[in-house]
Amino acid sequence: MLLLVALKTQSINGFELAKEIRKNDPRGFIVFITSHSEMSYLTFTYKIEAMDYIIKDDYKNIQRRIIECIQSVTKRVKNNDKQGKYLTIKTDDRILHEPLENILFIETSSRAHRIILHSKKRKIEFYGKIKEIAAKLDQRFIRTHRSFLVNKDHIKEVDLAKGIVYMNNGQKCLLSTRMRKNLE
C-alpha cells in the first residue's frame, strides 16, 4: 500500500502516525511530504523506513517525486507477484508475511483456538481456524485431515495403510480416510 497522508492535528504528528501504520502494515510504502527538511532524520529515530521524504520546495518537483514513488511502488508490486504469494499472519504483537512456497503444513494446536504453521525456517503458533486459513491459500494446499492442511509441493511420501503423509523435512501429518481423495 502506498500511503500519502495530509495531517493537520495537534494530537499526533506524522511520524507517530507512520509508526502506527508500520505496526499494522510492515511492508507498506510511506511517503512524507513536508516543509520541514530538518526533520527528515526522525524517520530513522522512529524506525519508519519511509520510501521518500519530499520537501515542499516547488510544486513541479513535488508532483514529479510523487509520480516517481507511485511508479516505483507499481513496479515493486508487479515484481512481488512474480516472486510468489504470501500468507499474512497476525500474532499477538506482530504481523508476519510467510511466502507460500516456504509453508510445509499447518496443523491445529493442542491449545484451544490456535493453529501452528510449519515452514522451512520457523514454526509459528497463532489464533485462527484452519478453514479460514485454507480459504486464503492456493491450489497447492490440501486438507489431509481435519487437523492438517498440507502443501503438496513438500510431500515426500504417502502411506495409505497407516494414514500418514511424510513431508520433505521428515515430519508427519495425519491422513484421514475421508480426505484421501484430495491426494488423487
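A donor-acceptor contact shorter than 3.5 Å links the side chain of H154 to the backbone of E101. In terms of modelled atom types and a separation under 3.5 Å, the side chain of T144 and the main chain of L174 share a donor-acceptor contact.
Contact between I62 and I33 at its shortest, heavy atoms only, is CG2-CG2, 4.4 Å. Counting all heavy atoms, side chain and backbone alike, T34 lies closest to H36 at OG1-N, 3.0 Å. What you find for F32 and A18 is that their closest heavy atoms are CZ-CB, 3.6 Å.
With rounding to the nearest 0.5 angstrom, the CD1 atom of I142 is 11.0 Å from the NZ atom of K181. Taken from OG in S110 to CD in E125, the straight-line distance is 7.0 Å, to the nearest 0.5 Å. The CZ atom of F148 lies 9.0 Å from the CD1 atom of I116; values are rounded to the nearest 0.5 Å. Atom CD of E49 sits about 9.0 Å away from atom CD1 of I30, to the nearest 0.5 Å. The structure places NZ of K123 at 12.0 Å from CG of L104, a figure rounded to the nearest 0.5 Å.
F105 and H118 have parallel rings, their planes meeting at less than 30° on a 0 to 90° scale where 60° marks the start of perpendicular.
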What verdict does the side chain to side chain contact (heavy atoms under 4.5 Å, CB included) test give for H145 and S176, after you've listed the backbone C-alpha separation in whole Å, the side-chain angles of each residue and the deciding distance to 0.1 Å? CA-CA 5 Å; H145 186 273; S176 70; 3.9 Å; yes
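Every residue was checked against the side-chain hydrogen bond (donor to acceptor under 3.5 Å, both in side chains) condition with R146, not counting sequence neighbours, and none meets it. Evaluation of the salt bridge (Lys or Arg N to Asp or Glu O under 4.0 Å) rule for E98 yields R122 as partners, not counting sequence neighbours. A search for side-chain hydrogen bond (donor to acceptor under 3.5 Å, both in side chains) contacts involving E20 returns K23, not counting sequence neighbours.
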Donor-acceptor contacts under 3.5 Å from residues 158-167 side chains, at least two apart:
residue : atom : partner : partner atom : Å
D159    : OD1  : A161    : N            : 3.1
D159    : OD1  : K162    : N            : 3.0

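Residues V31 and I66 form no side-chain contact, since every pair of their non-hydrogen atoms from C-beta on lies 4.5 Å or further apart.
Under the salt bridge (charged side-chain N to carboxylate O under 4.0 Å, His left out) criterion, the residue pairs touching residues 59-69 are D52-R65, R64-E68, with sequence neighbours excluded.
Clustering ILVMFWY residues whenever any of their side-chain heavy atoms sit less than 4.5 angstrom apart, transitively, puts Y127 in a cluster other than the one holding I95.
Within the hydrophobic cluster formed by Ile, Leu, Val, Met, Phe, Trp and Tyr side chains joined at under 4.5 Å, directly or through other members, I124 is accompanied by L87, I89, L96, L100, I103, I106, I115, L117, F126, I130, I133, L137, F141, L149.
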